[in-house]
Each structure stands twice: as structure tokens, then as C-alpha cells.
Amino acid sequence: MRPWLLARDQDGDVVELSMGEIFGSAHRLLGLVGDVPTQVFALTRLLLAVLHRSVGGPRDVAAWRELWRAETLPVDDIDRYLQAHRHRFDLADQTEPFFQVAGLRVADGSVSDLSKLIADVPNGAPFFTTRIGGRLTLAAAEAARWLVHCQAFDTSGIKSGDPSDPRTKNGKGYPIGVSWSGHLGGVLVGGRTLRETLLLNLIPRDFTQAADADDRPPWERPQLGAAEEVPGGRAPTGPVELFTWQSRRVRLAWDDGLVTGVLIGNGDRLTPQNMHPFEPHTLWRRSETQEKKLRSSVPVYMPLEHNPERDIWRGLQSMLPDTGAATVENRLTATVLRWVSSLAMRRVLDTGYPLELRAIGMHYGAQSSTVADIVDDALSLRAILFAQDAAALIGSVKQAVEHSEAGANAVGRLAENLAVAAGSRDITGGHRLRATEQAYSVLDPLFRTWLAGLDENTDASTCLAQWHRTALDALRELADDLAATTPPVAWVGRDDRQGRRITSVHARKWCGDALRKTFQYAAPSPSRTPVGS
């Protein structure tokens, strides 16, 4: 197999390796690298599919523990597996090309420009211009990475229509939605090396008991045609299928060893309702709208997509184990996080082990037909925060998030009151929104540093008081700055819509009272006493 996967080595350099080389040197690599972050998510799941099938599961925690204790991945098993299916990983095979349909065509025999395949050049609204100005071509390695990405994150919209596909009308394939991973607010658990990252996301069969014995990737199944594998769609058999779900029918066009064009048609449609038993890499939210639409007598859960404007730590209440405090109703955490929690609880994973939670997802534009944004955020924390017997420490972290939100909202209200005091007639809430986001921006690096410093020796009460002190000082300073930049007319003030007189002095005092109440465990600071604090 030829090199086509990008990874970062321990010197920080990016190297291009074959799939076999990636697995063989995973213990010496820091992690995968992608042309865009969503490629990392898609390619990690591709490697997980190979690893699951190579090791036969693993069947249970005991088998997983053996893999974790070994210095390297089971390269002999992986090599035998890859050799057995070698021809199905050939990108240019004439009859069974990797992740493609060999005979895919449109009525006039044409192919599309590669901008349809490359996510950083979405049709009609390119993010970057580095590829624009000439005919797009791709080397085989880059084309392979974008092909895997397309099957995971392709936009919705009109697709190429193969005449042999019954769904084709007037030469077009009408929208069936985004590719499978595009529905998800993707969450990966990272370790110190690529080997450990893959194993932390390799969930044994007996943990979920959701996988069917026939849970296989497409290279172990008969070659697909242009139409749906099963007319009307079918359910997945387990996580391996979801990692490699063929959301599209694709054919790459070649010229002198380069990929010069592409056809992208509709593949197997898959709706996201209640896929939580199978899909491990996203959180879930209960949807009453879907329950009414489907007339369902049981709860319907949908993937909890990432908000591009919301930092990952603000969602920790849904990610960490339930301790009975500050829990989020109608949410299901990601299976991969429950799995890590079980490892920490059993001490299979050392409680001091440094984990990385990485949130990756695609945010789509109108009708999901364009790429609007790519979410990529990471958070460092210790495994102790996933051990359910560390309820006090976990509870302190959840309270810290909750109190941070309250503090940011207090600053937002301050900005709104200062605007009223200065005579603003803006009723859109813009002043409040901007100040709230400014507060989160101030708290963001402070919270990440505080969280990364928590370990099994941390006292829950002490660390929460520590965060209260840090957050209170930071938000007081921001509040002072906002008050200081208010026009002098705000000292006289204005009446709000309820007839209440608001001045800048009132606004700052109210904010100070709210901050003191929110961060009540912060010890008094004798060195600094701001006005209105």
C-alpha cells in the first residue's frame, strides 16, 4: 500500500505514511493530521474500522486491556487483515475501487470539477483561494483523503444522477441530506500517542452490545452499484458500518496518474434519529419535535451538533459522568465518554492519565448545501474527571462551568444597562451579546489552564474556590473596563422601559453584586477593591 495518510511525529514534523506504516509506528506518532480538521475525524474512524476487524472486536475489557498493556498495536494481525483485503484499498482499481463505484456515470459522460470534492473550496463560496486560478488536480494520496472525507462530511444538495439509479430524475440526484458524520457533533478522546488515541476510541463489543455479527466495512461487502444497497434504505449493523458508511456514490476521473475530476452521486441515506446505540462519537439531545413528527411513544434522540461560537468546556456538564449536580436534562453523553469513564472507574486507565477531548464537526449553510464553518476545539484534562467515584471533584468542575455562565451573563447585563444609561435605543440585545461573548473570551484560557491542573490529589472545595477567585478577578476587571468606557452622560442615566432609572453607577453596582453572589467561594482580595464591586 502506498503512503497517503498524514501524521505528526514526536519531533513535530508531518510525515506521509501508508496505512500499514501508520499502524506499525502509531506508538511513535502524536496523531493524525488532515488537510482540514474534519479529515482527522473521518480518517481516525477509518483506522478504527480496520483495527476493530483486525482484532475481532475486541470482545471485552479483558481483551482491550491486553491491547492497552502492549507496547505496540498488533501489527501482525493488522497486516494479515490489510493483505487479505488489499485489492479493495486500491483507489484506481478498475472493478472495485476504494470507497467508489467503478461504473458510475451520467448520461452525457461528463465529470465534475474537483471543487465538489474539496471542502475548503465549497461551490459558490470558496473559503480560500490557494487552489483557484487553474484547473484543479490532485495527487492520488490527497484524493484518497478527500474521498474518505466526502463519504463522511459531504454537503447536501443536487448530486450527479446515474441513469441506472431509480432515484435519478431529469438527470439529477435530488438531496438526501449530508453525509453521515455531518450530522454529528463529533467527539474523539485523545491520548499521548496515536496508538493510545486509537485504543481509547476502540470500544469492545460487550460494552454496548449494539453491534451485529455482520458489522462490516464496505471493503468486506460486495461492490456497490449506483443505486441504494437496499431500496428505501437500511439500518446499520454497528459502529464499524457507521465509521465507513457509504453516504455517496463516487467515481474519481484520472489523467496521467492525477485525479482530474469526480462524480458524486447519492449513496445510502441514513437518518440520525435514535442512532445512539450504534454511534459512539457524539452527544445526543432529546427532540420533542421529532417525537411529534414521528408520532413516537418513546423518546427520540438526535445528535447534539457543535455550536461554532461555543467553546468545548462550556459543554462539560453533558460530557462528564452524572454526579447528581448540575446535570443537563434530556441529554445522552457520547458512548466513547462512557467507555473512558468505565476505564477510569475500574482503574484500568490511571486516574492521572492526561486525556484530550477533541470536538470536531461541520457546520453547514442554507439547505446544508454549502460548508459554513468547521468546528475544531480541544480540551486537556485528567482521567480522574471521568471516574464516577470522584463525584466531588466532577461536581466542582460542573459548578465552575455553571457559575462561569452566570458570571458572563452578569457582564452581559452590565453592558445592556450601561447602554440604556447612555441613551441607547437598541432593542436587539447587541450590547449584551457582545459583552457576554467578551466575558467568555476572557474566561476561556483561564478555565482551560485551571482544568488541566486538576488531578487525583486536588481537593474539590479548594479548587472551586480557586476558580471563583480567578473568574471573579477577571470579570471584575472586564466590568470596570466596560464602565470606564461609557460616555459621561451615563452618570446621569436614563429610564428603562419599565420606568426604572439606570445610571452607570447603578449598573456597575448591580453587576458587582451579581458577581459576588455567583462566585461566593472566592476569598476577599485586600489588594484591590473596584468601585461597585
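Values reported hereafter were calculated over all heavy atoms of this structure, with side chains retained and with hydrogens, waters and symmetry mates removed. One is the number of the first residue; the rest follow in order along the sequence.
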* Does Ser318 offer a backbone N or O that forms a donor-acceptor pair with the side chain of Thr333 under 3.5 Å? -> yes
* Yes or no on side chain to side chain contact (heavy atoms under 4.5 Å, CB included) for Asp311 and Arg448, after CA distance, side-chain angles and deciding distance? -> CA-CA 10 Å; Asp311 298 312; Arg448 292 173 188 269; 3.9 Å; yes
* Under 4.5 Å between any side-chain heavy atoms of Phe243 and Pro280, yes or no? -> yes
* Take atom CD of Glu309 as the centre, draw a 6.0 Å sphere, and report whether it contains more than 12 heavy atoms from other residues, nucleotides or ligands. => no
* Structure fact -> Heavy-atom nearest pair, Val336 first then Leu200, reads CG2-O, 3.9 Å
* Asked: Is a side-chain N or O of His27 found less than 3.5 angstrom from the main chain of Arg195, in a donor-acceptor match?
  -> no
* With respect to Leu343, which candidate in Asp350, Val189, Leu349 satisfies the side-chain contact (heavy atoms from CB on, under 4.5 Å) definition? -> Leu349
* Nearest-0.5 Å distance, CH2 of residue Trp245 to CE of residue Met275 -> 7.5 Å
* Asked: With no hydrogens and no angle check, is any side-chain donor or acceptor of Arg501 less than 3.5 Å from a backbone partner on Gly493?
  -> yes
* Side-chain donor-acceptor contact under 3.5 Å, His149 with Thr38 -> yes
* Asked: With a cut-off of under 6.0 Å to the ring centre and 45° to the axis, is Arg346 in cation-pi contact with Trp68?
  -> no
* **Full working for salt bridge (charged side-chain N to carboxylate O under 4.0 Å, His left out) between Asp215 and Arg53** => CA-CA 9 Å; Asp215 184 25; Arg53 298 298 292 169; over 6 Å; no
* Asked: So, the side chain of His363 versus the backbone of His306: is there a donor-acceptor pair under 3.5 Å, distance only?
  -> no
* To do: Check whether the ring centres of Phe278 and Trp180 lie less than 6.0 Å apart, and answer yes or no.
  => no
* To do: State, yes or no, whether a side-chain contact exists between Val371 and Thr155 at a heavy-atom distance under 4.5 Å.
  => yes
* **Aromatic ring proximity Trp467/Phe447, centre distance under 6.0 Å** => yes
* **His281 and its side-chain contact (heavy atoms from CB on, under 4.5 Å) partner, picked from Leu188, Leu337, Leu242, Thr335** => Leu188
* **Note, Arg358 side chain near Val40 side chain (heavy atom, < 4.5 Å)** => yes
* Asked: Angle class for the Phe207/Trp339 ring planes (parallel below 30°, perpendicular above 60°, tilted otherwise)?
  -> perpendicular
* Within the side chain of Thr282, is there an N or O that forms a donor-acceptor pair under 3.5 Å with the backbone of Gly185? -> yes
* Asked: Are the side chain of Arg310 and the backbone of Arg314 linked by a donor-acceptor contact shorter than 3.5 Å?
  -> yes
* To do: State the CD-OG distance between Gln10 and Ser25, to the nearest 0.5 angstrom.
  => 10.0 Å
* Can you find a pair of side-chain heavy atoms, one from Tyr440 and one from Glu405, that are under 4.5 Å apart? -> yes
* Criterion side chain to side chain contact (heavy atoms under 4.5 Å, CB included) on Val411 and Gln438, from CA distance to verdict -> CA-CA 9 Å; Val411 173; Gln438 191 176 356; over 6 Å; no
* Non-hydrogen side-chain atoms of Leu357 and Met319 separated by less than 4.5 Å -> yes
* Asked: Do side-chain atoms of Thr193 reach the backbone of Leu30 as a donor and acceptor pair under 3.5 angstrom?
  -> no
* I would like to know whether Ile374 and Met362 meet side chain to side chain contact (heavy atoms under 4.5 Å, CB included); could you show each step before the answer? => CA-CA 5 Å; Ile374 292 177; Met362 188 79 82; 3.5 Å; yes
* To do: Kindly give the heavy-atom pair with the smallest separation between Cys463 and Ser396, and that separation in Å.
  => SG-CB, 4.1 Å
* Asked: With side chains defined as the heavy atoms from C-beta onward, is the minimum distance between His52 and Leu202 less than 4.5 Å?
  -> yes
* Asked: Are the side chain of Glu291 and the backbone of Ser296 linked by a donor-acceptor contact shorter than 3.5 Å?
  -> no
* Asked: Mind checking whether Arg382 and Leu454 have side chains closer than 4.5 Å, heavy atoms only?
  -> no
* To do: Using a cut-off of 6.0 Å, state whether more than 12 heavy atoms not belonging to Arg59 lie near its atom CZ.
  => no
* Among side-chain atoms of Ser441 and Asp444, is any donor-acceptor pair under 3.5 angstrom? -> no
* Please round to the nearest 0.5 Å and tell me the distance separating atom CZ of Arg338 and atom CE of Met345. => 15.0 Å
* Structure fact -> For Arg65 and Val348 the tightest heavy-atom approach is NH2-CG2, 3.5 Å
* Asked: Are Arg331 and Asp322 close enough for a salt bridge, meaning some N to O gap below 4.0 Å?
  -> no
* To the nearest 0.5 Å, tell me how far Ile203 CD1 sits from Leu48 CG. => 9.0 Å
* Asked: Are the aromatic rings of Trp313 and Trp450 close, with centres under 6.0 Å apart?
  -> no
* **Distance in Å, Leu194 CG paired with Arg8 CZ, rounded so as to fall on 0.5 Å steps** => 12.5 Å
* Working to the nearest 0.5 Å, report the span between CD of Glu477 and CG of Leu482. => 11.0 Å
* To do: Return yes if some donor-acceptor pair links the side-chain N/O of Asp11 with the main-chain N/O of Asp13 below 3.5 Å, else return no.
  => no
* Looking at Asp473 and Arg469, does any basic side-chain N land under 4.0 Å from a carboxylate oxygen? -> yes
* Is the count of non-hydrogen atoms from other residues, nucleotides or ligands lying under 6.0 Å from Glu456 atom CD greater than 12? -> yes
* Under the side chain to side chain contact (heavy atoms under 4.5 Å, CB included) rule, what do Thr458 and Leu393 come out as? Steps first, then yes or no, please. => CA-CA 8 Å; Thr458 300; Leu393 186 59; 4.0 Å; yes
* Asked: Taking the side chain as C-beta and beyond, is there a heavy-atom pair between Asp481 and Thr485 under 4.5 Å?
  -> no
* **salt bridge (charged side-chain N to carboxylate O under 4.0 Å, His left out) evaluation trace for Lys509 with Asp513** => CA-CA 6 Å; Lys509 181 182 184 303; Asp513 291 343; 3.0 Å; yes
* Checking Ser341 side chain against Phe386 main chain: does a donor-acceptor pair fall under 3.5 Å? -> yes
* To do: State, to 0.1 Å, how close Pro321 and Ile394 come at their nearest heavy-atom pair, and which atoms those are.
  => O-CG2, 3.7 Å
* Looking at Gly365 and Ala372, what are the two nearest heavy atoms and their distance? -> N-CB, 3.8 Å
* Structure fact -> Pro217 and Tyr81 have their tightest heavy-atom pair at CG-OH, 3.8 Å
* **Cationic N near anionic O, under 4.0 Å, Arg476 to Asp480** => no
